[in-house]
Amino acid sequence: MRLGLGISIPGTGGLVQAAFSPLDLSPVLWLDAADTSTITESGGAVSQWDDKSGNGYHLTQGTGAQQPKSGTATINSLNVIEYDGANTQYMLNASMPWAGTSLTVFAVYEINPLDVQYIVAGANNSASYLYIAVDGNAGTTGSGSMTSTSLYVDGVQFTGTTYNDVYDFVGNSPAVVRVTGTSVTYNGINVGYFGGGSGASRFGYGDKIGEMIVVETPTAQEIADTETYLANKWGITL
Amino acid sequence: MNWYTWTSQAAFDVWHDTVIAGLGLPWIGINQNTGQPEPSKQQTTAYTSVVEVSNVDWRAPVGDDIALAYAAGLGAPSTPPPTPEP
């Protein structure tokens, strides 16, 4: 009798480790646009994007003009959520309870260099968000409601200091982004646009998100496994 | 998608209610994978939402197709409202 995870390989007598799944991390939130069964839409405009973590923190948007699109763009031939409005589109879950925790957000983004100011994932109003600034004229890299933040793109740590530094670092090709922060001070998550809407955009025209996984205090091995999983799936080189 | 301004929320609401009726909202979404209706999921209940800039300046983004089809009561062309910087 053979016990344990994995499958037996005939002729080898060995075991092969089961394929990695984000569920192995017991994530707080897992959004996967490639799994179109998690997307509810009308004419391609998304009203709900289901959380695959099992926690039920589904993102919703009931106002048509603020709904991002699905089925209009891909990364590595996989479906993504695309933001193409007047910088007003977002999806929200106001109850995700991450205040007081330390979180790591993994995400696959593709940024339109002409129209983006922030890579975003955060809480539910303009005063409470997690963001990473990626454009602008001056200022330091910020993280909204999280402190002690670090940013990695394709596994490499960001060390610059300005919005433009982040913009240059992220670039405009699909990327695996990882943000870790402590002392989150707000509940809820908003993926997309924040605030009233000046000419300076937030998550705007042509920006795409393929997947987002939020985990509390992952180990180094879990970080490596997650980034490898995302890179392989979305055709990104780490 | 362009921004328009109304002089009051009531004026915006009158126009928006016309749009909602014309579009037949609320809409029940469909599952993108199966194409089946998902009545238990978030429905589309509004066309757009308005932002108060002042008590005589209420702005909302409106698509060109909707602006053309529902010109009566549409606000004046405007610009995006200011956003507080982080």
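Naming convention: chains lettered A, B, ... in sequence-line order (proteins, then strands); numbering from 1 in each chain.
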Chain B interface, residue from A:S47, A:G43, A:A45 that has the most non-hydrogen pairs under 4.5 Å: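 Looking at each option in turn, the highest pair count goes to A:S47.
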Interface residue of largest heavy-atom contact number with chain B, from A:S42, A:S37, A:G64, A:G44, under 4.5 Å: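 Winner by heavy-atom pair count: A:S37.
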Interface residues of residues 25-47 of chain B facing chain A - heavy atom cut-off under 4.5 Å: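 Residues B:W27, B:I28, B:G29, B:I30, B:N31, B:Q32, B:N33, B:E38, B:K41, B:Q42, B:Q43, B:T44, B:T45, B:A46, B:Y47 are the ones that qualify, each having a heavy atom under 4.5 Å from chain A.
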Contact origin within A:Q67 toward chain B - heavy atom pairs under 4.5 Å: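 Only the side chain of A:Q67 comes within 4.5 Å of chain B.
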Side chain, backbone, both or neither of A:D50 within contact of chain B (heavy atoms, under 4.5 Å):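 For A:D50, the side chain is the part near chain B, not the backbone.
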